[in-house]
Amino acid sequence: MRVIGLISGTSMDAIDVAVAELSLDGPTVHLEPVEHAGHPFPEHLREQPNSAADLCALDIGIGRAFGEVAARYRGDLVASLGQTAHHEVEGGRCLGTLQLGRPAWIAEATGLPVISDFRSRDVAAGGHGAPLASTLDALWLADFDGPATALNLGGIANVTKVSPEGVIAFDTGPGNALLDAAMTVLTGGRRTQDTDGEFARRGRVDAELLDRLLADPYYALPAPKSTGKEHFNRAYLDRVADGMTVQAEDFLATLTELTARTAAAGCEGVVIGSGGGMRNPALVESLRRHVDLRPSDEFGLPADGKEAYLAALLGFLTWHGLPANVPSATGAAGPRPLGSITPGRFPPRLPEPAVTAVRGLRIGRRPRPWDGGPRART
Ligand SMILES: Nc1ncnc2c1ncn2[C@@H]1O[C@H](COP(=O)(O)OP(=O)(O)OP(=O)(O)O)[C@@H](O)[C@H]1O
Ligand SMILES: CC(=O)N[C@H]1[C@@H]2OC[C@@H](O2)[C@@H](O)[C@@H]1O[C@H](C)C(=O)O
């Protein structure tokens with residue numbers, strides 16, 4: 001079946017969409033990437049809500065924007081990870097998480113059934129509801145030769161380590177979140193990202209600032225763990241750098257080193273990178289000083305589209321009655337089907353639940369029966 005995956009990540013720079021052809025073959029899921037793209041995230045939806053009325057408008061506005069994007073593509077099902085409005089973590093536990101983008105508006109725009117709110121069920125089962133990339137990565141890297149780590153450098157960076165000891169996943173800390181925040185402050189809002197690592201490459205790491213940043217207790221917490229811009233934000237930078245005078249370029253070089261070091265500390269074996277941070281050569285160079293980093297494109301999944309393909313995979317699993325979380329990765333009490341289903345134009349007709357547990361993920365075009373060419377007559 002063809003699934004349209006949607007997400008706007010913590011950077012709020014785009015509504016990412018991916019269309020995947022997905023099928024089950026016993027314990028293996030086949031995922032054929034069809035296309036992916038990023039559509040502009042409407043400016044007015046970046047405001048922080050201050051009241052229930054604001055929150056209501058934002059939820060609907062994002063749902064409407066997602067619906068408009070999804071309606072440009074053809075598929076059988078929409079799976080939306082939405083936009084995280086708030087992720088409440090206290091004492092190492094996730095207490096709740098709020099994903100916006102009302103699915104009814106997506107169903108109305110597309111006529112398709114929509115699966116959304118994937119994180120809540122995992123949180124209700126005691127997990128962090130993140131990183132759900134662990135579901136894709138655990139299946140994808142199950143047969144990898146040796147230990148491997150999938151690293152996503154979004155606003156927040158997260159890893160999934162797959163080795164004979166099992167699957168471990170967690171947010172390592174900031175991906176681009178602090179880099180974006182620093183650029184916005186240091187340029188008075190004229191620039192919102194250190195494009196191509198231009199500032200960082202001209203600067204030098206400030207040892208005192210780096211020490212202060214590395215002293216954050218989050219890095220020493222055991223997995224499973226998750227974080228967000230509730231913690232790593234502009235006010236956080238103000239607090240940490242309080243009383244210091246650091247040149248803009250040095251500030252960016254230091255934050256780039258922080259991001260690379262803390263991400264690398266969570267990695268083992270070959271590191272398969274994705275997310276917008278892979279477009280930042282300063283960050284990639286810093287990471288390569290610590291780990292063997294390869295773009296996920298080399299393994300068949302585009303670095304820009306991986307999270308939208310993840311959404312499509314999660315929707316596909318739920319549609320087939322399969323668990324879509326990895327308990328060792330999120331900390332949930334057990335495997336759970338994730339998400340809520342909103343019917344489309346027609347009454348929902350779900351397939352019979354799959355009976356075979358899924359153990360692997362193949363990326364790429366699934367061989368068709370006719371691929372061998374016309375059968376020779378004998
Ligand atoms: N050319 C570039 N140079 C530097 N940074 C870049 C470049 N292109 C993208 N980025 C960074 O990547 C970020 C977006 O990455 P991405 O879309 O993976 O994040 P996200 O999906 O919003 O976040 P998350 O994965 O945390 O939800 C931008 O905010 C920016 O900081
Ligand atoms: C609560 C939440 O939205 N978490 C996001 C965020 O952005 C990156 C990182 O932090 C990751 O844990 C997660 O998103 C991706 C898609 C995930 O669940 O894998």
Side-chain angles (χ1 to χ4, degrees), residues 5-16 18 36 38-39 41 46 79-89 94-101 117-120 122-123 127-138 150-160 169-184 191-201 223-232 252 255-256 259 263 266 273-284 296 302-311 313-314 324-326 329-330 338:
L6 296 168
I7 180 171
S8 56
T10 50
S11 302
M12 287 194 194
D13 59 333
I15 300 173
D16 292 328
H36 71 280
H39 295 266
F41 190 84
R46 291 201 184 132
S80 172
L81 269 161
Q83 167 69 53
T84 298
H86 189 75
H87 190 66
E88 184 69 27
V89 180
C94 181
L95 305 179
T97 191
L98 180 62
Q99 268 52 237
L100 301 186
D117 193 21
F118 286 97
R119 303 187 194 279
S120 288
D122 185 83
V123 174
H128 279 262
L132 292 179
S134 52
T135 302
L136 186 154
D137 298 332
L151 164 66
N152 191 73
L153 295 163
I156 298 297
N158 61 271
V159 290
T160 308
F170 56 95
D171 290 341
T172 59
N176 299 288
L178 295 182
L179 297 171
D180 290 356
M183 275 307 279
T184 308
R191 295 172 67 167
T192 54
Q193 64 175 45
D194 184 14
T195 306
D196 300 338
E198 188 196 325
F199 274 52
R201 291 179 114 174
K225 60 179 174 175
S226 65
T227 186
K229 281 172 129 179
E230 294 78 11
H231 182 65
F232 292 110
L252 269 299
L255 290 175
T256 303
T259 303
S274 59
M278 290 296 286
R279 290 179 180 268
N280 179 342
L283 181 54
V284 168
S296 63
D304 286 341
K306 189 175 168 225
E307 287 187 336
Y309 282 114
L310 163 69
L313 173 70
L314 296 174
N325 63 339
V326 177
T330 63
L338 303 183

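Order of appearance sets the numbers: ligands from 1, and atoms from 1 within every ligand. Atom set for the values below is all heavy atoms of this structure, side chains included, hydrogens, waters and symmetry mates excluded.
At a 3.5 angstrom cut-off on N or O pairs, G197 does not count as close to ligand 1. Annotation: N158 places no N or O atom under 3.5 Å from an N or O atom of ligand 2; distance criterion only. Taking only nitrogen or oxygen atoms, main chain and side chain alike, L132 reaches within less than 3.5 Å of ligand 2. The N/O atoms of D180, backbone and side chain alike, include one that comes under 3.5 Å of an N/O atom in ligand 1.
Distances from atom 4 (N) of ligand 2 to the heavy atoms of E307, R119, H87, K229 put R119 nearest. Counting heavy atoms only, D171 comes closest to atom 11 (C) of ligand 2 of the residues D171, T172, I156, T227. The nearest non-hydrogen atom to atom 9 (C) of ligand 1, considering only S11, A157, G276, A177, comes from G276.
Summary of contacts: the protein heavy atom closest to atom 6 (C) of ligand 2 is T10 CG2, 3.8 Å. The nearest protein atom to atom 30 (C) of ligand 1, hydrogens excluded, is given as Q193 OE1, 3.3 Å; this is a heavy-atom distance. For atom 3 (O) of ligand 2, the closest heavy atom belonging to the protein is T84 OG1, 2.5 Å. Taking atom 19 (O) of ligand 2 as the reference point, the nearest protein heavy-atom neighbour is A133 N, 2.8 Å. Nearest non-hydrogen protein atom to atom 4 (C) of ligand 1 is D194 O, 3.3 Å. The single protein non-hydrogen atom nearest to atom 21 (O) of ligand 1 is E307 OE1, 3.2 Å, given as residue, atom name and distance. In terms of protein heavy-atom proximity, atom 5 (N) of ligand 1 is nearest to N280 CB, 3.9 Å.
Close contacts of ligand 1 with D196, meaning ligand atoms under 4.0 Å from a residue heavy atom, involve 1 (N), 2 (C), 3 (N), 4 (C). Near G275, meaning under 4.0 Å from one of its heavy atoms, ligand 1 places the atoms 18 (O). For ligand 1, the atoms lying closer than 4.0 Å to a non-hydrogen atom of G155 are 19 (O), 20 (P), 23 (O), 24 (P), 26 (O).
Note: L255 CG to M183 CE = 11.0 Å, rounded to the nearest 0.5 Å. Y309 OH to L314 CG: the interatomic distance, rounded to the nearest 0.5 Å, is 14.5 Å.
When each of R191, Q193, E198 is tested with T195 by the rule side chain to side chain donor-acceptor pair (under 3.5 Å), just one qualifies, namely Q193. With S226 as the fixed residue, the side chain to side chain contact (heavy atoms under 4.5 Å, CB included) test singles out one of I156, N158, D171: D171.
Only side-chain heavy atoms of D13 come within less than 4.0 Å of ligand 1; its backbone N, CA, C and O stay farther off. Both the backbone and the side chain of T10 come within contact range of ligand 1, each with a heavy atom under 4.0 Å. The proximity of R279 to ligand 1, defined as any non-hydrogen pair under 4.0 Å, involves the side chain as well as the backbone. In N152, the part holding a heavy atom less than 4.0 Å from any atom of ligand 1 is the side chain.
With hydrogens and angles left out, the side-chain atoms of T330 and D122 include a donor and acceptor closer than 3.5 Å. Side chains of S134 and D137: no donor on one and acceptor on the other come within 3.5 Å. Using a 3.5 Å distance cut-off with no hydrogens or angles, the side chains of E307 and N152 do pair a donor with an acceptor.
Across all their heavy atoms, P131 and V159 have their closest contact at CG-O, 4.4 Å.
Between the K306 side chain and the S296 main chain, no donor and acceptor come within less than 3.5 Å of each other.
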Checking side chain to side chain contact (heavy atoms under 4.5 Å, CB included) for the pair L283/T259: CA distance, chi angles, key distance, verdict?
CA-CA 8 Å; L283 181 54; T259 303; 3.8 Å; yes
Output, in order, the C-alpha distance, side-chain angles, deciding distance and verdict of side-chain hydrogen bond (donor to acceptor under 3.5 Å, both in side chains) for T97 and H87.
CA-CA 4 Å; T97 191; H87 190 66; 2.9 Å; yes
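Proximity of L81 to Q99: side-chain heavy atoms (C-beta onward) are nowhere separated by under 4.5 Å.
Remark: distances from the non-hydrogen atoms of L179 to ligand 1 are all 4.0 Å or more. At least one heavy atom of I7 sits closer than 4.0 Å to an atom of ligand 2.
Around atom CZ of R279, no more than 12 heavy atoms belonging to other residues, nucleotides or ligands sit under 6.0 Å away.
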